[in-house]
There are 2 protein chains.
Amino acid sequence: MRSPTAPPTVRDVAARAGVSPGTVSKALNGTGQLRAATRDRVTAAAEELGFRPNHLAKSLLQGRTYTVGILTTDSFGRFTTPVMVGIEDALGAGRMSTLLCDGRGDPLRERHYVQELLNRRVDGLVVTGRRPDPRPSLGRLPIPVVYVLVQSEDPEDLSLSYDDVQGAALGTEHLVGAGRKRIAYVSGPERHWSTQRRREGVEQALVAADLSLAPELVLMGPWSEAWGRSAATQLLRRDPDVDGVVCGSDQIARGVVDGLREAGADVPGRVAVVGFDNWDVMVEAARPPLTTVDPNLTALGQLAATRLMDAIDGKELPRGVQLQPCDLVLRQSSV
Amino acid sequence: MRSPTAPPTVRDVAARAGVSPGTVSKALNGTGQLRAATRDRVTAAAEELGFRPNHLAKSLLQGRTYTVGILTTDSFGRFTTPVMVGIEDALGAGRMSTLLCDGRGDPLRERHYVQELLNRRVDGLVVTGRRPDPRPSLGRLPIPVVYVLVQSEDPEDLSLSYDDVQGAALGTEHLVGAGRKRIAYVSGPERHWSTQRRREGVEQALVAADLSLAPELVLMGPWSEAWGRSAATQLLRRDPDVDGVVCGSDQIARGVVDGLREAGADVPGRVAVVGFDNWDVMVEAARPPLTTVDPNLTALGQLAATRLMDAIDGKELPRGVQLQPCDLVLRQSSV
DNA sequence: GTGAAAGCGCTAACAG
DNA sequence: CTGTTAGCGCTTTCAC
C-alpha cells in the first residue's frame with residue numbers, strides 16, 4: 001500500500017475529485033474537452049492535496065526531459081560563470097532546466113559525465129570551459145551539442161566564441177583613431193591561443209593604418225598584474241616614445257597603468273591603455289578606469305542556449321566555428 | 001513500431017543476447033545470480049547496441065532521482081561560485097547530479113523554481129546566495145533542504161555559513177599578537193550584516209587583549225578599492241599612530257594598502273593590514289600581498305552537500321545556524 | 001464529456 | 001540460474 005507520505009498521484013487527485021486519472025490529466029494540462037465544472041473540481045482537488053505532477057513520468061512518456069546538460073571542461077571560473085548565467089537565462093525563459101557537470105579538466109571524468117547525461121536523457125548539451133584553443137570533439141551524440149568558449153576540433157560541431165582578432169583590432173583602432181602611433185602589445189604567455197589571436201588583431205589594425213607593431217614593443221608573460229607593472233617599465237625603457245598599449249587582459253592592463261603612472265608616465269596623457277575582458281573589478285578599480293574590449297560572455301551563453309533550443313526543436317544546427325564580435329567600452333585610460 | 005533512431009532498451013539488449021529483459025537488468029546491475037557466460041553475453045550485446053540505461057525509468061521506479069537542486073537567490077557570483085564548486089565536488093563523488101536554478105533575487109521566480117524542482121523529484125535542495133542575512137524559509141518541503149551562505153529565518157532549517165565574528169577576531173588577534181595597539185576597522189556599508197558581524201569580531205578580540213576599537217578608527221563605505229584608498233588617508237589624518245587595519249574585504253584591504261603606501265606609510269613596517277575573503281586576484285596583486293581571512297567557501301559547499309546527502313540517506317538534518325571557522329592566511333601585509 | 005486500457009523503460013518478486 | 005509478471009506515474013487513444 002502507498003505510504004501516506006508519498007507524494008499524491010493523478011490517481012489520488014482523481015479519487016478526490018470523483019473522476020478518472022485520464023480526466024485529471026486532461027483537466028490539469030488543458031487538453032481535450034472538459035466541462036468547466038469538472039475542470040474546477042479537479043483543480044481544487046489537486047490544490048488541496050498539494051499535487052505536483054511527476055516530471056519523470058511525463059519525460060519517460062514523451063521521450064524528452066526539458067533538460068540540458070552543461071559540461072565545463074575546467075571548473076567554473078571567471079570566464080565560464082558569465083557564460084553560464086547567459087545559458088541559464090535563455091533556457092529558463094524556455095522552461096528548461098540545466099544539469100551541471102564539472103569535468104575539472106579530466107577527460108575521463110568528462111566522458112563519464114557525458115554518459116551520465118545521456119542516461120538521464122537530456123535534450124541537448126552545452127560544453128564550455130576556459131581554454132579557447134581547439135579540443136577533441138565529444139563525437140557524434142544522439143543529441144545536439146554546442147561548444148561555447150571552447151572550440152571543438154571537429155568542423156561538423158558548432159563552436160561559438162568571441163572574436164579575439166576583431167576584439168584586439170577594435171582596441172587598437174581606437175588608439176590609432178586617437179592619434180597614437182607607437183603602439184605596444186602586452187599580453188599573456190606566448191603559447192596561449194588568446195595571446196596569439198589578439199596579437200594578430202593588433203597587427204592587422206596597425207597595418208591597416210599604415211603603422212606596424214615593433215617587435216621590441218611586444219611583451220609576453222604571465223596573466224598577472226605584476227607582469228603588467230613590470231612590462232610597463234620595460235616598455236618605457238625600450239621606447240620612450242611609446243604612446244599606446246593594447247593589453248591581453250584587464251589584469252595586465254591594470255598592471256601596465258600602475259607601472260606607467262608610477263614611472264611618471266601620465267595615462268592617458270602620454271600613454272593610452274586598452275584592456276581586454278571588461279572585468280568590472282579590474283576595470284573600475286584601475287587608476288584611471290580602463291578602456292577595454294568586452295567579449296560579451298553572457299550574450300554568448302544566451303546565443304549558445306538559443307541555438308541549442310532551436311536544434312532541440314528540430315532545426316538543423318549550424319556547423320563550424322562562429323565568432324561573435326567584441327565591443328569596445330570607453331573609460332578614462334584612453335581618452 | 002519503434003523508430004530505428006530511438007535509443008535501445010533493455011528489450012533490445014535482451015533480444016540480441018537471447019535472454020529476457022529481467023536478466024539484462026540483473027546482468028547490467030550486478031544483482032541476483034547469473035552465470036558468467038550469460039552476463040558476458042548481455043554486456044556484449046549492450047555494448048554493441050550502445051545501450052544507455054534510461055535513468056528516468058529507474059528513478060520513477062525507485063522513487064529517487066540521485067539529483068539535488070541548487071537554487072541561488074541572486075545570480076552566481078564571486079561568493080556563490082566557490083560554494084557551488086564544493087557542492088559539485090562532494091555530490092559528484094556520490095554520483096549525484098545537480099540541477100541548477102538561478103532565482104535572480106526574485107522571490108516569485110524562486111518559488112517557481114522550487115515547484116519545478118519538486119516536480120522533478122530532486123532528492124534534496126541546496127539554497128545559496130550572496131546575502132548572508134536571514135531570509136524567509138522556503139517552508140516545510142517534502143525533501144531535505146540546506147541553506148548555505150544564506151541563512152533561513154526559520155530555526156528549524158539548517159543554515160551553514162562561515163563565522164564572520166570569529167574570522168574578524170582571528171585577523172585582529174594576529175595584529176595584536178604582532179604588537180599592534182592602535183587598530184582600525186575599515187569595512188563596507190554600515191547596514192550590511194557582514195560589516196556588523198566583522199566589527200563585533202574586531203571589538204571582541206581587542207577587548208580580550210585589553211585594547212579597544214576607537215570610534216574614530218571605524219570607517220564604513222562601499223565595498224570598493226577606491227573606498228579603501230580614501231579610508232587609508234582618512235585614518236592617517238585621524239590618528240597618525242594607527243598601526244593596524246582590519247578590513248572587511250580584500251578589495252578594501254588592497255585599497256587601504258595602496259592608500260597607505262602612497263601616503264608614505266610603510267606596510268607592514270608602520271601599519272599592518274589584514275583583509276577578508278582570501279580572493280586570489282586581490283590578495284596576490286596587492287603590494288605587499290595581503291594577509292587575509294579565508295572563509296573556506298569551497299569547504300562550506302562540500303559540507304552542505306555532505307549534510308544533504310546524509311539527510312537524503314535518512315539521517316536527521318541538524319537544525320539552526322551552524323557557523324564554520326575561518327582561517328588566517330599569512331602574507332606580507334602583516335609581517 | 002468522461003472512463004478504461006495500454007504503454008513509456010526499467011526493476012523486483014516470484015515461479016520454474 | 002533465468003523467465004514472467006506487475007507496476008512506478010503519467011498521457012493517450014478509443015470506446016461509451
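Below, chains carry the letters A, B, ... as their sequence lines are ordered, and counting in each starts from 1.
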From [options], nucleotide with atom closest to [X] side chain:
X     : options               : answer
A/P21 : D/dG9, D/dT2, D/dT11  : D/dT11
A/R11 : D/dT11, C/dG1, D/dC8  : D/dC8
A/A57 : D/dT13, C/dC10, D/dG9 : D/dG9
A/L60 : C/dC10, C/dG9, C/dG1  : C/dG9
A/T9  : D/dC1, C/dC10, D/dC10 : D/dC10

Do NZ/NE/NH1/NH2 and the carboxylate oxygens of [X] and [Y] come within less than 4.0 Å?
X      : Y      : result
B/R109 : B/E116 : no
B/E48  : B/R16  : yes
B/D106 : B/R104 : no

How many Å lie between [atom1] on [X] and [atom2] on [N], as a whole number?
X     : N      : atom1 : atom2 : value
B/K58 : C/dA12 : NZ    : C1'   : 14 Å
A/N54 : D/dC8  : CG    : C1'   : 9 Å
B/R64 : C/dA12 : CZ    : P     : 13 Å
B/L28 : C/dT11 : CG    : P     : 8 Å
B/R52 : C/dC10 : CZ    : P     : 11 Å
B/L56 : D/dT11 : CG    : C1'   : 15 Å
B/Q33 : D/dT2  : CD    : P     : 10 Å
A/N29 : D/dT13 : CG    : P     : 13 Å

Q: Select from A/T23 and B/S25 the residue whose nearest nucleotide in DNA chain C is closer to the 5' end of that strand.
A: A/T23

Indicate, with a heavy-atom threshold strictly under 4.0 Å, whether [X] touches base, sugar-phosphate, or nothing.
X     : answer
A/V19 : sugar-phosphate
A/T38 : sugar-phosphate
A/L61 : base

Q: Sort out for me which residue in A/L149, A/D74, A/V146 forms a side-chain contact (heavy atoms from CB on, under 4.5 Å) with A/T128.
A: A/L149

Q. If each of B/A36 and B/R121 is mapped to the nucleotide of DNA chain D with the nearest heavy atom, which maps nearer the 5' terminus, i.e. the 5' end?
A. B/A36

Q | Closest-nucleotide ordering on DNA chain D, the 5'-leading residue of A/H55 and B/R35 | A | B/R35

(Q) Distance to the ring centre below 6.0 angstrom and angle to the axis at most 45 degrees; does that hold for B/R64 and B/Y66? (A) yes

